[in-house]
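Counting begins at 1 with the first residue of the sequence.
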Amino acid sequence: GTEPNSLFDEARPTSPEIEARVRAAWQSAQDGAKARGATIYNGRLIRLFEARSARNSLQLTLGRTSFAELLGTNLMHAKETLDQGRGELSNAVGISAAVSTRDHALVFGRRSGAVAFHAGYLHSIGGLLEEDDRGAGGVVDIFEAMRREVREELQITAGEIREIKLIALVRDREIMQQEFVFDVTLSVSSRDLESRFDPSAADQEHVRLESVFDEPDMAIPFIRRATPVAPVAEAALLLHGRRVWGEEWYEQTC
């Protein structure tokens, strides 16, 4: 489980060069969205300062950031920003899940061409911690945030989520963004999900769902067949395998 995770108000370290890149990246994103006839929103996000674990608890130190800051540091200029220090990155917190269905499928989404990063890639179900994920007393519950993402992206109800487990914290080497990876088990089948899936739904980032049978010898053929695959989707699948199929399978497969 997680202890209550309150927001920390210390400002993100920055510099005039970093802020100039953020402004340029955001302007470019706005221009691109306008050309596509789309709307882009500079949402208020939550960033990770630090994660500490003790026994069965996880304590997060969190702060505030925005989508423009994420775009201008992690997503587009991670290397240049890192040259000045890791703290200068937006480090908006990602949350992703390997979603298991009643008929023993693992479900992922194929990202649309309109998203800011990894367009067209196979991706895990998930998103980003948002300011609206703050609950009573200003605390943040990453489990509830993951439930929200699964409900929104797969058009399911809260009662159709049977189990949710936090299994890892990973970092994408290219964009240096941190992502909490979950195993989420549903009481509905993959066919149910496909019949409900609406790529035109508000804020839907995926154009279709893709699934693989939840068996150890299916994972790598699926990854190869599904190329291009976002690093976090590979992580979600492999870490699910580590939990379900064992450490030896995980080491050999990696």
Side-chain angles (χ1 to χ4, degrees), residues 1-2 56 58 94-112 115 118 121-129 133 141-170 179-250 252-254:
T2 57
N56 293 322
L58 178 67
I95 47 175
S96 287
V99 175
S100 306
T101 63
R102 187 182 65 208
D103 55 338
H104 307 293
L106 292 170
V107 177
F108 297 85
R110 181 67 63 178
R111 283 167 72 78
S112 78
V115 296
H118 287 141
Y121 280 59
L122 189 80
H123 205 279
S124 44
I125 303 301
L128 295 163
L129 281 185
D133 288 318
D141 185 338
I142 62 173
F143 286 86
E144 187 55 40
M146 188 72 255
R147 291 185 184 96
R148 168 183 56 79
E149 289 289 347
V150 172
R151 291 197 307 269
E152 290 176 357
E153 294 191 14
L154 297 178
Q155 286 97 59
I156 65 170
T157 66
E160 290 171 326
I161 300 175
R162 287 179 50 197
E163 184 178 57
I164 178 168
K165 289 181 177 290
L166 175 61
I167 57 176
L169 173 61
V170 301
E179 193 103 11
F180 286 99
V181 178
F182 294 78
D183 257 355
V184 175
T185 306
L186 306 182
S187 61
V188 297
S189 70
S190 56
R191 183 171 295 183
D192 291 333
L193 294 182
E194 289 170 3
S195 68
R196 300 181 198 185
F197 183 73
D198 179 8
S200 65
D203 299 326
Q204 182 58 268
E205 298 176 354
H206 300 124
V207 294
R208 66 179 181 273
L209 300 180
E210 298 182 22
S211 61
V212 59
F213 197 58
D214 191 356
E215 289 291 342
D217 58 349
M218 301 296 289
I220 294 305
F222 174 69
I223 289 175
R224 290 173 175 156
R225 185 171 68 247
T227 300
V229 180
V232 69
E234 288 192 19
L237 178 53
L238 292 170
L239 289 163
H240 166 83
R242 182 183 188 183
R243 186 177 78 86
V244 176
W245 307 320
E247 188 71 30
E248 183 178 354
W249 175 89
Y250 176 78
Q252 291 177 350
T253 304
C254 286

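- In plain terms, the two heavy atoms of L166 and V181 that are nearest each other are CD1-O, 3.5 Å.
- T185 OG1 to D183 CG: the interatomic distance, rounded to the nearest 0.5 Å, is 6.5 Å.
- The aromatic rings of H118 and H123 lie tilted to each other, with the angle between the two planes from 30° to 60°.
- F197 and Q155 get closest at one heavy-atom pair: CA-OE1, 3.3 Å.
- Here E160 does not pair with R102 in a salt bridge; the nearest charged N to carboxylate O distance is not below 4.0 Å.
- In this structure, OG on S112 lies 14.0 Å from OH on Y121, to the nearest 0.5 angstrom.
- Heavy atoms of other residues, nucleotides or ligands lying less than 6.0 angstrom from CZ of R196 number more than 12.
- No salt bridge links D103 with R191; every basic N to acidic carboxylate O contact stays at or beyond 4.0 Å.
- A salt bridge between R148 and E153 is absent, with no side-chain N of the basic residue lying under 4.0 Å from a carboxylate O of the acidic one.
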* Evaluate the criterion side-chain contact (heavy atoms from CB on, under 4.5 Å) for residue pair R242 and C254; output intermediate values, then yes/no. => CA-CA 10 Å; R242 182 183 188 183; C254 286; over 6 Å; no
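- At least one side-chain heavy atom of R151 sits less than 4.5 Å from a side-chain heavy atom of I161.
- When all heavy atoms of G126 and M146 are compared, the closest pair comes out as CA-CE, 3.9 Å.
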* To do: Take H104 and D214 through the test side-chain hydrogen bond (donor to acceptor under 3.5 Å, both in side chains) and record every step on the way to the result.
  => CA-CA 5 Å; H104 307 293; D214 191 356; 5.7 Å; no
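- Closest approach of S124 to A233, counting heavy atoms only: N-CB, 3.6 Å.
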* Is there a side-chain hydrogen bond (donor to acceptor under 3.5 Å, both in side chains) between S96 and E179 once you walk through the steps? -> CA-CA 7 Å; S96 287; E179 193 103 11; 2.5 Å; yes
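- Note that CD of E205 is 14.5 Å distant from CZ of R110, once rounded to the nearest 0.5 Å.
- A pairwise comparison of heavy atoms in L128 and G94 identifies CD2-CA, 4.0 Å as the closest pair.
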Mind listing the side-chain donor-acceptor pairs of residues 218-231 below 3.5 Å, one per line with the distance, residues two or more places apart or on another chain?
unit_1 : atom_1 : unit_2 : atom_2 : d
T227   : OG1    : I223   : O      : 3.3
T227   : OG1    : R224   : O      : 3.1

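- To the nearest 0.5 Å, atom CD1 of residue I167 and atom CG of residue L238 are 10.0 Å apart.
- For the side-chain contact (heavy atoms from CB on, under 4.5 Å) test with T101, the passing option among L193, L106, V184 is L193; the others fail.
- Counting heavy atoms from C-beta outward, E210 and R208 have side chains that approach closer than 4.5 Å.
- At a cut-off of 3.5 Å, with distance as the only test, a side-chain donor of S189 or D192 sits close to an acceptor on the other residue.
- L154 contributes atom CG, which lies 11.0 Å from atom CD of E194 (distance to the nearest 0.5 angstrom).
- Panel note: side chain W249, backbone P216; a donor-acceptor pair is recorded below 3.5 Å.
- Within the model, atoms CD1 of I95 and CZ of F180 stand 10.0 Å from one another, a figure rounded to the nearest 0.5 Å.
- Heavy atoms of other residues, nucleotides or ligands lying less than 6.0 angstrom from CD of E248 number 12 at most.
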* To do: Given side-chain contact (heavy atoms from CB on, under 4.5 Å), test R147 with I164 step by step and report yes or no.
  => CA-CA 8 Å; R147 291 185 184 96; I164 178 168; 3.4 Å; yes
* To do: For side-chain contact (heavy atoms from CB on, under 4.5 Å), just list the numbers for I142 and F182, CA-CA rounded to whole Å, side-chain angles, deciding distance to a tenth of an Å, and then say yes or no.
  => CA-CA 10 Å; I142 62 173; F182 294 78; 4.1 Å; yes
* To do: Evaluate the side-chain contact (heavy atoms from CB on, under 4.5 Å) criterion for residues I125 and F108: first the C-alpha distance (whole Å), next the side-chain angles of each, then the deciding distance (0.1 Å), finally the verdict.
  => CA-CA 6 Å; I125 303 301; F108 297 85; 5.7 Å; no
